[in-house]
Undergrad: 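First the structure, then my questions, so here it is.
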Amino acid sequence: MARVLITSALPYINGIKHLGNLVGSQLPSDLYARYMRARGHEVMFICATDEHGTPAELAAAKAGKPVAEYCAEMHAVQAGLARGFRLSFDHFGRSSSPQNHRLTQHLAGRLRAAGLIAEVSEKQVYSPADGRFLPDRYIEGTCPNCGYERARGDQCEECTKQLDPTDLINPRSAISGSTDLEVRETKHLYLRQSALRDRIDAWIDSQTGWPVLTTSIARKWLHDGDGLQDRGITRDLDWGIPVRDGTDDWPGMEGKVFYVWFDAPIEYISATAEWAEANGLPDAAWRRWWRTDEGADDVRYVQFMGKDNVPFHTLSFPATLMGSGEPWKLVDYIKSFNYLNYDGGQFSTSLGRGVFMDQALAILPSDYWRWWLLSHAPESSDSEFTWENFQASVNKDLADVLGNFVSRVSKFCLSKFGPAVPDGGEWGDRETALAAEINRRLRVHEGCMEAMEVRKSAAELRAIWVLGNEYLQEAAPWSVFKSDPAAAAMQIRLGLNLVRLYAVISRPFIPDAAAAMMAALGCDDWSWPEDASAALRLLEPGHGFSVPDMLFRKITDAERDDWAQRFSGTRG
RNA sequence: GGGCCUGUAGCUCAAUUGGUCAGAGCAGAGCGCUCAUAACGCUUUGGUUGGGGGUUCGAGUCCCUCCGGGCCUACCA
């Protein structure tokens with residue numbers, strides 16, 4: 001048994017996430033966590049809401065609530081949706097937790113002591129009307145290059161030219177529209193990533209088998225131009241983790257907070273501490289996952305994220321941990337995903353384009369979505385959600401191939417033999433061959449799951465479902481029953497055992513359906529089928545079962561068209 | 001501008017990384033079965049792997065070029 005630490009990129013607090021966000025980190029990480037648990041490994045699966053930063057403050061203001069209250073509410077909403085999608089986090093924390101305050105301040109202090117923090121005075125745009133410094137992208141104005149009137153301070157979206165806020169003509173606050181802007185001097189802390197560049201570079205080089213997407217993004221940042229640049233890790237905001245040197249004041253930095261991307265990854269660790277506290281466990285319980293000097297040496301740490309998060313996880317966060325000089329556990333494997341698009345364009349939170357987590361659950365149970373999203377995960381390139389494809393996959397894979405198999409086996413048994421696993425008959429060549437084929441395919445499936453090849457894993461799982469239908473077709477118990485009832489009993493006994501086997505191996509993908517299958521069989525033995533031959537004899541003659549309700553219903557053309565219409569534009 | 005990824009049957013995607021690999025699922029066609037959610041099984045029609053050029057005994061797989069799609073480019077997170 002191994003110990004596996006799994007983290008999903010933290011969803012940002014300012015609203016309900018869409019399916020693209022879900023499939024980029026939380027869902028595949030859940031698949032992996034569930035599979036690892038199913039194989040008997042000790043798993044710590046961590047996620048949290050990422051609560052700091054300007055967008056959170058603005059979203060709270062828009063909602064007319066204090067930011068702390070807003071975040072608490074949105075955390076509860078996101079936690080509820082996570083439960084709705086059956087995301088099996090051991091802990092779903094908050095980056096605003098006391099634990100994260102302490103650890104972030106501690107690590108900043110360590111970095112300072114190691115000489116890896118630089119204090120830099122710089123000029124930033126301040127808006128008296130908004131009462132805040134404005135990040136570059138919150139300043140709008142006319143592009144000096146192309147004349148576009150709504151260019152942002154970081155880049156003109158029209159001509160893609162990189163801009164400095166002071167380049168803009170007629171600059172104004174994107175928040176209030178105020179043109180009363182001034183440039184103020186302010187001091188900030190920079191993490192001297194440049195000083196750690198060689199160490200990080202060597203560390204990235206030492207990794208094998210990481211997705212190209214992961215390493216290519218990291219190398220680009222390491223080698224582009226002058227190489228890895230220092231990064232500002234503080235902001236002039238109210239909401240965040242106050243800048244401190246461990247538990248001491250940091251002179252000159254009063255009133256400033258750490259930048260969200262400094263404290264967010266640290267929350268992976270802090271959330272594990274939150275988990276320990278929530279469960280009444282001592283610090284040693286979480287430190288054995290994170291401190292290589294306190295037991296984390298044998299931990300395998302895997303991170304899941306969308307490609308936009310890769311720089312922070314390959315560079316900034318490792319720099320933070322390495323630079324601390326303390327033996328923190330570094331990530332062993334980074335699984336990154338491309339984007340999921342929606343019907344010819346991008347999902348858009350602002351435009352309400354696409355399907356959001358709450359809406360998805362209002363339409364169909366989570367298993368339908370889990371299956372489609374996982375079997376179409378954007379691994380090698382961006383992928384696309386279309387209602388036609390969703391309908392086809394759900395109806396064929398879930399309803400026809402798996403659901404109907406369970407239905408035909410259980411109903412046939414009930415009508416011919418009654419509500420218990422029938423006795424009689426012996427396995428022949430066909431059954432032996434089936435067990436061998438299941439073993440073979442299962443080993444392939446396991447290899448894909450181990451390697452986090454999500455789509456292939458789904459395809460292999462489906463192929464194993466198909467084997468059940470092929471077997472029934474060849475064995476034809478409905479025909480055999482007429483001449484040799486005992487042989488038919490053996491065949492259908494195998495079929496019922498196949499249902500249990502399917503429940504076990506399908507559980508990481510479709511946990512609710514798996515539970516329904518197992519419940520109908522009156523069984524609670526979730527042991528992994530190491531050997532199909534034995535697993536297919538697990539339910540013995542006389543064991544009672546019931547016919548489950550329809551596992552998956554079909555999506556009608558009318559529903560498909562209705563949904564396509566409903567989610568094409570404006571949310572609500 | 002620079003960098004990276006990507007373009008394979010109508011659709012969604014595979015090809016152990018130069019050597020029978022041109023494949024699977026869906027859709028289409030034909031046949032079979034009747035236990036089942038008009039479900040299942042078998043067979044089968046589709047591609048000169050975006051265009052062009054090159055390297056090689058041999059290239060979706062390497063190089064050049066052109067065309068198309070996407071992402072990143074450090075103050076959104």
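All of these numbers come straight from a predicted model, not from anything done at the bench. Each chain gets a letter, A, B and so on, in the order the sequences are listed, and its residues count up from 1. Side chains are part of it too, since the values below use all heavy atoms of this structure and drop only hydrogens, waters and symmetry mates.
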Undergrad: Expressed in whole Å, how much space separates the P atoms belonging to rU34(B) and rG41(B)?
TA: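 After rounding to an integer number of Å, I get 16 Å for this pair.
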Undergrad: Examine rC40(B): is either OP1 or OP2 under 4.0 Å from a nitrogen or oxygen in the side chain of Tyr471(A)? Give yes or no.
TA: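 Answer no for this pair, as no side-chain N or O of Tyr471(A) is under 4.0 Å from OP1 or OP2.
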Undergrad: Could you measure between the two C1' atoms, the one in rU45(B) and the one in rA38(B), and give it in whole Å?
TA: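 Taking atom C1' in both rU45(B) and rA38(B), they lie 24 Å apart.
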Undergrad: Starting the side chain at C-beta, find the nucleotide from rG41(B), rC40(B), rC72(B) nearest to Tyr339(A).
TA: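 Looking only at side-chain atoms, Tyr339(A) lies closest to rC72(B).
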Undergrad: Let me check I have this right: for RNA chain B, each base becomes ., (, ), [, ] or |, based on Watson-Crick or G-U pairs with both distances under 3.5 Å. What is the full string?
TA: (((((((..((((.....[...)))).(((((.......))))).....(((((..]....))))))))))))....
Undergrad: Please list each protein N or O that sits under 3.5 Å from an N or O in nucleotides 2-13 of chain B, with the distance.
TA:
| residue | atom | partner | partner atom | Å |
| --- | --- | --- | --- | --- |
| rG2(B) | N2 | Lys220(A) | NZ | 3.3 |
| rC4(B) | O2' | Ser216(A) | OG | 3.4 |
| rC13(B) | O5' | Arg455(A) | NH2 | 3.2 |

Undergrad: Under 30°, 30 to 60°, or over 60°: which ring-plane class applies to Phe312(A) and Trp261(A), parallel, tilted or perpendicular?
TA: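 Plane angle under 30°, so parallel.
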Undergrad: Do Trp478(A) and the base of rC35(B) stack face to face, with centres under 5.5 Å apart and an angle between planes under 30°?
TA: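 Stacking is present between rC35(B) and Trp478(A), given that their ring centres fall under 5.5 Å apart and the planes under 30°.
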Undergrad: For the base of rA36(B), is there a side-chain donor-acceptor partner from Asn404(A) under 3.5 Å away?
TA: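 Result: at least one qualifying N/O pair found.
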Undergrad: Does Lys554(A) place a side-chain N or O at less than 4.0 Å from the phosphate oxygens OP1/OP2 of rA39(B)?
TA: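 Yes, such a contact exists.
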Undergrad: From rC76(B), rU37(B), rA77(B), pick the nucleotide closest to the side chain of Tyr138(A)?
TA: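 Among rC76(B), rU37(B), rA77(B), the one nearest the side chain of Tyr138(A) is rC76(B).
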Undergrad: Using atom P in both nucleotides, what's the gap between rA24(B) and rU43(B) to the nearest angstrom?
TA: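 So the two P atoms sit 11 Å from each other.
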Undergrad: Determine the Euclidean distance between corresponding C1' atoms of rG28(B) and rA77(B); express it in Å to zero decimal places.
TA: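 Looking at atom C1' only, rA77(B) and rG28(B) are 46 Å apart.
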Undergrad: Decide yes or no on salt bridge (Lys or Arg N to Asp or Glu O under 4.0 Å) for Arg132(A) and Glu57(A), but give the supporting numbers first.
TA: CA-CA 11 Å; Arg132(A) 62 166 66 239; Glu57(A) 294 193 345; 2.7 Å; yes
Undergrad: In whole Å, what separates the C1' atom of rU12(B) from that of rA27(B)?
TA: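 To the nearest whole Å, 11 Å.
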Undergrad: Phe552(A) ring centre to Lys554(A) NZ or CZ under 6.0 Å, with the angle to the axis within 45°?
TA: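 Here Lys554(A) fails the 6.0 Å and 45° test against Phe552(A).
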Undergrad: Does NZ or CZ of Lys307(A) lie under 6.0 Å from the centre of the six-membered ring of Tyr339(A), at an angle within 45° of the ring axis?
TA: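 Here Lys307(A) passes the 6.0 Å and 45° test against Tyr339(A).
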Undergrad: Quick check: on RNA chain B, is the nucleotide nearest Lys456(A) upstream (toward 5') of the one nearest Arg462(A), or the reverse? Name the residue that is more 5'.
TA: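 Counting from the 5' end, the first nearest nucleotide belongs to Lys456(A).
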Undergrad: Please state how far atom CD in Glu559(A) lies from atom C1' in rU37(B), giving the value in whole angstrom units.
TA: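 Those two atoms, CD and C1', are 14 Å apart.
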Undergrad: How far, in whole Å, is rA15(B) from rG23(B) if one measures between their C1' atoms?
TA: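 It works out to 7 Å between them.
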Undergrad: Check this one for me: any side-chain N or O of Arg137(A) less than 4.0 Å away from OP1 or OP2 of rC76(B)?
TA: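 For Arg137(A), the contact criterion (side-chain N or O under 4.0 Å from OP1 or OP2 of rC76(B)) is met.
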Undergrad: So for Gln473(A) and rC42(B), does any side-chain atom that can act as donor or acceptor lie under 3.5 Å from a complementary atom in the base?
TA: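 There is none.
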Undergrad: Nearest to the side chain of Pro55(A) - rC40(B), rC72(B), rC76(B)?
TA: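 Within the option list, the nearest is rC76(B).
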